[in-house]
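Have a look at the structure below, then the notes.
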Amino acid sequence: MNETQKDNLNPLVHQRITPRTRIKQPAELDNDVRDPFDRREIFDLIRDINDPEHPLTLEDLRVVSENDIEVDDEKSFIKVSFTPTIPHCSMATLIGLAIRVRLLRSLPPRFKVEVEISPGSHQSEKAVNKQLGDKERVAAALENNHLLNVVNQCLTIKGNSYETTV
Amino acid sequence: AQQIENREQTIGDLVTALGPHLTNKDTKIRIDACTLLSNVIHKLPKDCLNQGELESLVQFLCSRLEDHYTLQPVALSLLLQLSSADNLTGENACSIITSVFKEVHIQTCMQHDRLKIFQILGTLLDIHTKDVITMGRDFLYQYIQVIDGEQDPRNLLTIFQLTKNLIESSFPLFDLVEELFDVSSCYFPIDFNPAAAGKKSTITNLDLVSSLRGVLASTKQFAQYCIPLMLEKLESDVESAKIDSLETLTACLGCYGKQELEKYLSSLWSDVKREINQSSSEQIEKCCLTFLTSLLSNLSSWPVDQKSEKATDLKSFLDDVLEDCVPRLQAQSDDRSKWMAGHVVLACAKSSKKACSQIVTTVLPILLQNAQSKSASTTLAGQSVQQSALDNLVKLTAVCGQFNFENHPVLKKKEEFFTILNELALKSEIEEQLKCIAVAGFASLLKLEILSNVELTEIASLLLKMIKLKPESHLRGEVLSVAGYLSSQHPDVAKSHLIPCVMRRMEEGDDSCFDVLASVCTHFDVLKLVLGFIMERIVNTQVDETSEPLLHACLESLQKMTSSSWVGNTEIEYMALNLVLPLLKRCIEVTLELSVPEQCCANCHIFEDVSKSAAIVIRNVCQKLKPGKSTDLVIQLIASLYNNSKLSSLDIKSDVHFTPFHPKASPLQTRTLCFLPATICALHPNIEIPELAELETKLLNTCLHCTDQPSYVFAAKALSGLVNKYKKPSIPILEKLKSHFDTDPNWSLKSEEEKMMILTLLIWICKALVLSNHPDSLIFIKNLLYWMGDDSVGEVAAAGFDIILRESNEVLSPSSHSTIRLMHKQRFFLLIIPEIVSSFKTSENKTQQTNILTALSHLIGHLPKQVLMQHFTELLPLLTQALHTDNTQLLKSVLSTLFCFIQDTTEAMTAHLENLMKHFLRLSKFKQDIDVRVKAVQCIGVVTLLPPIVILPFKNDIVRHLVSVLDDRKRDVRTEASKARSEWFLVGT
């Protein structure tokens with residue numbers, strides 16, 4: 001992607017609010033207690049997605065934040081709203097697709113996931129939401145190898161995430 | 001060559017023999033002949049050739065230089081060898097130099113030839129300095145021409161060294177100073193990147209920079225060129241150039257004096273000021289401050305014109321500095337410029353006594369005023385002003401501590417300073433941090449040694465008051481360390497004031513002051529006083545529930561005293577006599593009181609804890625004891641107490657018999673064996689222990705027959721400590737042990753309790769032997785492996801591997817002077833691994849197999865990865881076997897090991913991968929334990945690091961399998977699963 005093609009040349013980089021490491025509750029160490037899915041867990045899944053244009057994560061650009069996530073574990077429902085950095089961002093669909101794919105890969109299939117642009121933050125909000133909400137279109141998009149590669153790039157966490165831990 | 005060395009043949013003969021070849025018309029043959037000659041000479045020792053031979057050789061070679069240019073390299077290397085010959089005359093040296101300069105067109109030579117030339121020049125200059133100097137201006141002129149335009153870093157390094165040597169050998173520079181400076185300084189500032197240069201050179205940027213700096217700072221004659229150049233480079237935008245020029249200037253100050261610097265003083269200050277105020281980098285600031293400090297110390301050593309009325313140079317320079325800094329220091333705001341001004345002032349003060357005194361007189365009142373400011377308590381800004389002023393005050397006084405004043409500059413303001421600190425320290429509403437600074441202020445005042453006795457006592461009582469306020473731990477630590485410093489410098493004040501106060505308070509029932517007592521023990525006299533006080537309390541206290549906290553507090557403060565690094569030899573000996581013996585005596589007295597059957601009650605377990613911490617105190621002292629008379633006395637008393645059950649040796653009067661080794665004695669008595677590892681096993685190996693063999697036999701007896709668990713563990717520890725340290729005297733006891741383990745056939749019939757006793761002994765003996773790389777270790781370890789097959793104690797035997805490799809504080813630690821060989825863990829591993837593998841294979845006993853695997857996992861946990869890597873192929877089948885068990889602990893450790901190794905041992909892995917993956921997938925649903933699941937999923941994830949071609953076949957299976965793990969009950973597992981699954985999705989894309 002060329003420098004000239006970027007929609008937002010100089011995006012504002014925000015401070016990270018949610019701490020990186022999660023402090024474990026005693027119940028989480030107990031094998032017999034079930035930990036419910038919560039907002040933080042979903043946020044941890046999507047915070048490190050790379051922005052398609054910049055070498056920054058969605059968290060850095062505050063495209064996603066912990067408060068824009070709704071989780072209902074019992075009804076198996078999750079809704080993620082994201083805010084593009086500028087209202088005419090042409091990457092909004094791609095970002096939405098990346099979030100969707102990440103959640104598709106990381107959540108058990110019982111969950112119904114909605115990914116939407118937060119109200120009033122994009123010009124063609126409705127069109128994008130419709131695209132992202134349409135299962136068939138998402139599936140069709142992922143059949144496209146080029147698009148899949150772009151999405152995979154967004155989802156790659158700077159090399160293999162196991163390299164640093166070993 | 002041998003012949004020439006032995007004088008059988010002269011070099012002349014060789015040359016004559018080579019004659020036809022050396023003068024052959026074909027250049028190639030001439031080169032070959034010269035190379036041969038060079039090889040011969042290379043083998044000769046330096047003093048072999050005599051003057052005549054050398055002279056003719058030199059003449060010959062110099063004429064060869066005129067010859068065909070292809071001959072030059074060989075001739076040069078020959079000359080290089082000759083130049084270091086001992087018998088070379090100065091004349092010849094000069095002729096070499098002249099002909100080299102004359103005949104060789106150096107700039108067109110190859111890099112290594114140029115290097116040779118510089119090396120020839122270097123060696124000749126080193127050896128024949130005088131003769132070279134007589135060559136005078138011509139040499140220098142040629143030299144400058146020769147080194148001009150050199151580019152190779154290797155050669156440059158040699159040149160810089162050469163130039164520096166040249167200048168330092170006081171070679172007259174004539175009118176060529178500027179030329180010589182130019183030819184070197186044109187490289188400044190050096191920015192050399194070895195990686196970018198693409199050569200595998202070992203030269204770093206730092207090497208070049210520092211050697212060039214050496215040249216530039218080598219003579220004051222360069223000053224008039226060097227200072228302006230540096231000032232110019234200081235204005236550059238490149239950070240490294242700024243730093244380099246500042247550091248070079250600092251280096252130059254070493255040889256510059258008044259004459260050189262006077263002209264530039266004002267521009268130096270203004271430039272440095274600019275850098276300090278504008279800089280964005282911490283390092284530049286640091287360099288500036290260092291430069292200032294060394295500039296000022298240089299200034300301070302300038303000759304002072306006594307008669308003139310004018311202020312000295314130092315004073316006027318400092319006036320300039322202060323004129324700039326004082327307004328900024330006075331400002332009622334707290335910003336960077338103020339902060340920097342503080343640093344500048346401190347840097348100046350650091351330089352010399354005179355500077356320090358002038359600065360203190362000017363700055364101290366300002367700072368004091370700021371620190372007192374009324375607005376401090378009301379506004380936030382005022383507070384920070386106060387804090388920074390106080391901070392600077394403390395630092396400034398700390399700087400004053402470096403110098404020895406006759407008329408101390410702080411003296412005048414001492415009282416004012418003192419009251420400020422006093423107020424601050426006691427005010428309740430101010431911040432902790434400010435108080436800390438105030439306390440540090442006391443410490444720096446103490447260091448100046450200008451306080452009167454009254455003031456010292458005041459400080460002492462103030463510190464006590466502060467402790468009474470029960471401050472937070474950080475401040476408390478600060479106060480305690482100042483109190484410790486006070487008592488180390490003024491023990492009489494501590495004795496007359498601090499300690500009585502604390503003691504009085506403790507007698508009133510306040511037990512929170514034990515750490516105060518412990519921390520003021522920084523002087524022998526104080527130590528004696530405090531020790532006596534604490535011991536008295538211990539001895540006079542009954543062991544029961546109410547006194548337990550008090551006893552523990554006492555022992556804790558004793559621990560602190562004994563483990564402090566300050567304690568020296570005298571103090572340790574004093575403690576051995578006045579602490580160890582009474583404490584031991586008291587413990588044994590209590591034991592005897594309690595071991596009368598009707599007395600044994602609920603207090604026993606309290607006493608056990610107390611004696612444990614008493615053992616720590618005793619061990620601290622014993623570890624530090626050096627061989628000597630009083631040490632011998634202590635040891636003799638302890639040994640006779642245990643060996644001969646002589647209570648009288650510690651002056652204990654009791655009707656009860658003391659029989660610590662008797663298996664049927666009261667457990668309380670046998671448990672006093674815990675003092676043996678603390679005393680006898682902790683001693684320096686040079687201290688002789690009386691009746692060692694008898695002691696060992698008795699310990700062995702206890703190990704084998706006493707049924708009280710703590711007692712036989714203590715005995716085993718003590719025995720292992722002795723066996724490890726005293727190798728020779730312990731041979732008989734080892735033999736006895738060997739035969740005991742070998743010949744006791746019906747061990748399987750024994751009760752579990754008895755087995756445990758023997759096993760404990762075996763494990764500790766193994767540890768002792770393994771640590772010292774003892775040749776017999778394998779015999780005992782084999783026994784240990786054998787025991788792993790036992791149903792009742794096999795698990796303990798496996799856990800023994802952990803004990804063997806884990807560091808223990810009690811015995812067999814480096815501080816107890818045990819024999820601990822380097823790499824003993826690695827040796828142990830190499831020794832044991834074939835045994836483990838073979839006994840695992842041959843064993844048909846399921847329990848033994850599991851236990852061996854557990855032992856293996858302990859072993860792996862203690863060893864560095866590199867060692868394991870080499871044996872991984874052998875280990876892998878065992879580890880795979882281990883995945884079959886249900887033992888959570890074992891699974892965890894095996895999985896972590898595999899996690900570490902999967903990516904490093906690709907080849908070994910691929911063969912077992914399918915099998916391993918099956919296990920991982922199964923264990924990722926292991927119900928009993930989260931950690932096992934987490935680790936299994938991590939292993940699945942880390943497999944993605946293997947080459948895609950190997951793992952691609954598994955992709956679909958794993959992605960499908962992990963779906964169910966994504967809905968695991970535990971969040972940790974889910975997180976790992978989603979991580980692993982995302983990575984697996986990316987495999988092959």
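Just so we're on the same page: letters track the sequence lines, and every chain starts at 1.
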**Prompt:** Under 6.0 Å from the CD atom of B:Glu795, do we count more than 12 heavy atoms belonging to anything else shown?
**Reply:**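 Atom CD in B:Glu795 is not packed in, count stays at 12 or less.
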**Over 12 non-hydrogen atoms of neighbours within 6.0 angstrom of CZ in A:Arg34** =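 Yes, because the 6.0 Å sphere around CZ of A:Arg34 holds more than 12 heavy atoms from other groups.
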**Message:** Can you tell me which portion of A:Leu103 sits under 4.5 Å from chain B's heavy atoms? Options are side chain, backbone, both or neither.
**Reply:**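 Neither; nothing under 4.5 Å.
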**Message:** So for A:Leu45, is it side chain, backbone, both, or neither that comes closer than 4.5 Å to the heavy atoms of chain B?
**Reply:**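 For A:Leu45, the side chain is the part near chain B, not the backbone.
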**Request:** Run the salt-bridge test on A:Asp44 and B:Arg971 with the 4.0 Å N-O cut-off and return the result as yes or no.
**Result:**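 Here A:Asp44 does not pair with B:Arg971 in a salt bridge, since their nearest N and O are not under 4.0 Å apart.
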**Item:** Charged N-O contact under 4.0 Å between B:Arg974 and A:Asp35
**Value:**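 No, B:Arg974 and A:Asp35 are not salt-bridged.
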**Asked** Measuring heavy-atom distances to chain A, does B:Ala977 have an atom under 4.5 Å in its side chain, in its backbone, in both, or in neither?
**Response**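 B:Ala977 has no heavy atom closer than 4.5 Å to chain A.
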**Prompt:** Between B:Asp967 and A:Phe37, is a side chain to side chain contact (heavy atoms under 4.5 Å, CB included) present by the stated rule, with each step listed?
**Reply:** CA-CA 9 Å; B:Asp967 210 3; A:Phe37 280 87; 3.6 Å; yes
Between [atom1] on residue [X] and [atom2] on residue [Y], distance to nearest 0.5 Å:
{"X": "B:Leu966", "Y": "A:Arg105", "atom1": "CG", "atom2": "CZ", "result": "12.0 Å"}
{"X": "B:Ser982", "Y": "A:Arg102", "atom1": "OG", "atom2": "CZ", "result": "4.0 Å"}
{"X": "B:Leu986", "Y": "A:Asn152", "atom1": "CG", "atom2": "CG", "result": "5.0 Å"}

**Message:** Under a 3.5 Å distance rule, please check whether B:Asp929 uses its side chain to pair with a backbone N or O of A:Asn31 as donor and acceptor.
**Reply:**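 No; zero donor-acceptor contacts below 3.5 Å.
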**Request:** Go through the steps to decide whether A:Val33 and B:Lys970 satisfy the test side chain to side chain contact (heavy atoms under 4.5 Å, CB included), and finish with yes or no.
**Result:** CA-CA 8 Å; A:Val33 182; B:Lys970 302 310 290 179; 4.2 Å; yes
